[in-house]
Engineer: 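Before I ask anything, here is the structure I am working with.
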There are 2 protein chains.
Amino acid sequence: MDQLSAVFSALGDPTRFAIVDRLLREGELSAGEISATATISPPAFSRHLKLLREAGLVRQRTDRQRRLYSVRPEAVRQISEWTLSHREFWEASIDRLESALEQEMKNDG
Amino acid sequence: MDQLSAVFSALGDPTRFAIVDRLLREGELSAGEISATATISPPAFSRHLKLLREAGLVRQRTDRQRRLYSVRPEAVRQISEWTLSHREFWEASIDRLESALEQEMKNDG
DNA sequence: TCGTTATTTAACGTAATTGTTAATTGAATA
DNA sequence: TATTCAATTAACAATTACGTTAAATAACGA
């Protein structure tokens with residue numbers, strides 16, 4: 001539970017959230033590919049990646065000179081489980097027609 | 001999406017995560033009830049609550065002298081939607097891990 | 001009205017975070 | 001072997017975050 005708060009803290013920085021969201025959409029990427037697009041320097045990215053690693057959000061593997069990063073599925077599932085453990089609370093309070101996902105979850109549950 | 005990162009940032013502090021988690025479990029609570037249990041001072045709590053309000057995670061209403069706080073369901077749903085929008089990624093990967101572990105156990109037994 | 005209760009805001013110090021550039025590490029290649 | 005490429009770590013400055021105590025605000029009850 002304090003672990004989860006560390007995960008949230010890691011995602012609380014916009015740069016890091018963007019990294020994780022992109023890794024989720026595009027899959028494994030190298031540090032260079034991640035830092036190529038944005039405004040901040042490679043060292044700054046490297047430190048964000050280190051923090052994400054330490055929070056358990058991403059893993060790193062080495063391929064030749066490059067470090068390839070990908071999201072650790074368990075971390076995202078952990079967040080999902082927390083929200084779903086309180087699903088009854090927030091689901092009941094929200095207009096059902098607004099969310100297709102909500103319906104989808106009911107079918108699954 | 002940058003909104004979501006602000007929500008994560010708010011939950012990234014252990015004290016604030018504990019507040020939100022407790023409000024989810026116990027429902028609406030006053031500022032006093034929230035600050036009663038813990039080690040830090042009421043002013044410190046008050047500022048955490050303000051930050052949670054500004055991040056859209058909780059709402060406040062007034063009852064006599066007290067301020068009653070509760071979680072805004074939309075905020076939690078927003079997090080849930082983000083995780084579920086990538087569910088295919090993490091669910092598939094975890095399934096793969098689980099079947100790998102199963103296979104491993106068979107080999108051992 | 002006056003004091004009490006509930007909570008917030010103000011003022012301030014310290015620790016943590018985030019960025020930069022320079023230096024370092026380690027693998028690939030001429 | 002020397003050089004280049006990919007990424008990280010080191011050192012430093014600026015900003016933000018978080019805690020404290022003291023003061024302010026606002027509603028209640030004697």
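Every chain is numbered from 1, with letters handed out A, B, ... down the list of sequences.
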Engineer: Give the rounded distance in Å between these two atoms: NZ of B:K50 and C1' of D:dC18.
Structural biologist: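 Rounded to whole Å, this separation is 14 Å.
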Engineer: For side chain to side chain contact (heavy atoms under 4.5 Å, CB included), just list the numbers for B:L11 and B:I79, CA-CA rounded to whole Å, side-chain angles, deciding distance to a tenth of an Å, and then say yes or no.
Structural biologist: CA-CA 11 Å; B:L11 290 172; B:I79 298 169; 3.7 Å; yes
Engineer: Using whole Å, what does the distance between atom P of nucleotide C:dT7 and atom CD1 of B:I34 come to?
Structural biologist: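 These atoms are roughly 9 Å apart.
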Engineer: Atom CG of A:L68 to atom C1' of D:dC5: distance rounded to whole Å?
Structural biologist: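 Value for this atom pair: 15 Å.
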Engineer: Minimum heavy-atom separation for A:A75 to A:G56, with atom names?
Structural biologist: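 Here A:A75 and A:G56 meet closest at CB-O, 3.6 Å.
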Engineer: How long is the gap from CG on B:L52 to CZ on B:F17, to the nearest 0.5 Å?
Structural biologist: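 CZ of B:F17 is found 11.5 Å from CG of B:L52.
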Engineer: If you look at every heavy atom in B:I34 and B:L49, which pair is closest and at what distance?
Structural biologist: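 Looks like CD1-CD2, 4.0 Å.
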Engineer: Looking at residues 53-65 of chain B, who's got a heavy atom less than 4.0 Å off DNA chain D?
Structural biologist: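 Those residues are B:R64, B:Q65.
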Engineer: Apply side chain to side chain donor-acceptor pair (under 3.5 Å) to B:E26 and list each qualifying residue two or more places apart in sequence or on a separate chain.
Structural biologist: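 Partners of B:E26 under the side chain to side chain donor-acceptor pair (under 3.5 Å) test: B:R22.
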Engineer: Assuming nearest nucleotide by heavy-atom distance, tell me which of B:R67 and A:R16 is located more 5' along DNA chain C.
Structural biologist: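 By nearest-heavy-atom nucleotide position, the 5'-most residue is B:R67.
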Engineer: Indicate whether OP1 or OP2 belonging to C:dA6 is found under 4.0 Å from a side-chain N or O atom of B:Y69.
Structural biologist: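 False: B:Y69 side-chain N/O out of range (4.0 Å or more) of C:dA6 OP1/OP2.
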Engineer: Classify every nucleotide of nucleotides 19-24 of chain D by which part a protein heavy atom approaches to under 4.0 Å, writing B for the base, S for the sugar-phosphate alone and - for neither, in 5'-to-3' order.
Structural biologist: BBBB--
Engineer: How is B:S35 classified with respect to the nucleic acid when contacts are heavy atoms under 4.0 Å: base, sugar-phosphate, or nothing?
Structural biologist: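 If one applies the 4.0 Å heavy-atom cut-off, B:S35 turns out to touch nothing in the nucleic acid.
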Engineer: Could you pull out all donor-acceptor pairs under 3.5 Å where a side-chain atom in residues 64-71 of chain B meets a protein atom, sequence neighbours excluded?
Structural biologist:
{"unit_1": "B:Y69", "atom_1": "OH", "unit_2": "B:R53", "atom_2": "NH2", "d": "3.1"}
{"unit_1": "B:Y69", "atom_1": "OH", "unit_2": "B:Q60", "atom_2": "NE2", "d": "2.8"}
{"unit_1": "B:S70", "atom_1": "OG", "unit_2": "B:R59", "atom_2": "NE", "d": "3.2"}

Engineer: Taking only the side-chain heavy atoms of B:L49 (C-beta and beyond), determine which of C:dT7, D:dT8, C:dT8 contains the nearest atom.
Structural biologist: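 Shortest atom-to-atom distance from the side chain points to C:dT8.
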Engineer: Between atom CG in A:L52 and atom P in D:dT8, what is the gap in whole Å?
Structural biologist: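 Distance check: A:L52 CG to D:dT8 P gives 12 Å.
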Engineer: Taking only residues two or more places apart in sequence or in another chain, which ones pass side chain to side chain donor-acceptor pair (under 3.5 Å) with A:T83?
Structural biologist: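 Only B:S80 meet the side chain to side chain donor-acceptor pair (under 3.5 Å) criterion with A:T83.
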Engineer: So, using side chain to side chain donor-acceptor pair (under 3.5 Å) as the criterion, who are the partners of A:S30 when residues are at least two apart?
Structural biologist: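 With sequence neighbours excluded, A:S30 shows a side chain to side chain donor-acceptor pair (under 3.5 Å) to A:E33, given in chain and number order.
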Engineer: In whole angstrom, what separates B:L29's CG from C:dA6's C1'?
Structural biologist: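 Result: 15 Å.
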Engineer: So which atom in A:F45 and which in A:S35 form the shortest heavy-atom distance, rounded to 0.1 Å?
Structural biologist: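 For A:F45 and A:S35, the tightest heavy-atom pair comes out as CD1-CB, 3.5 Å.
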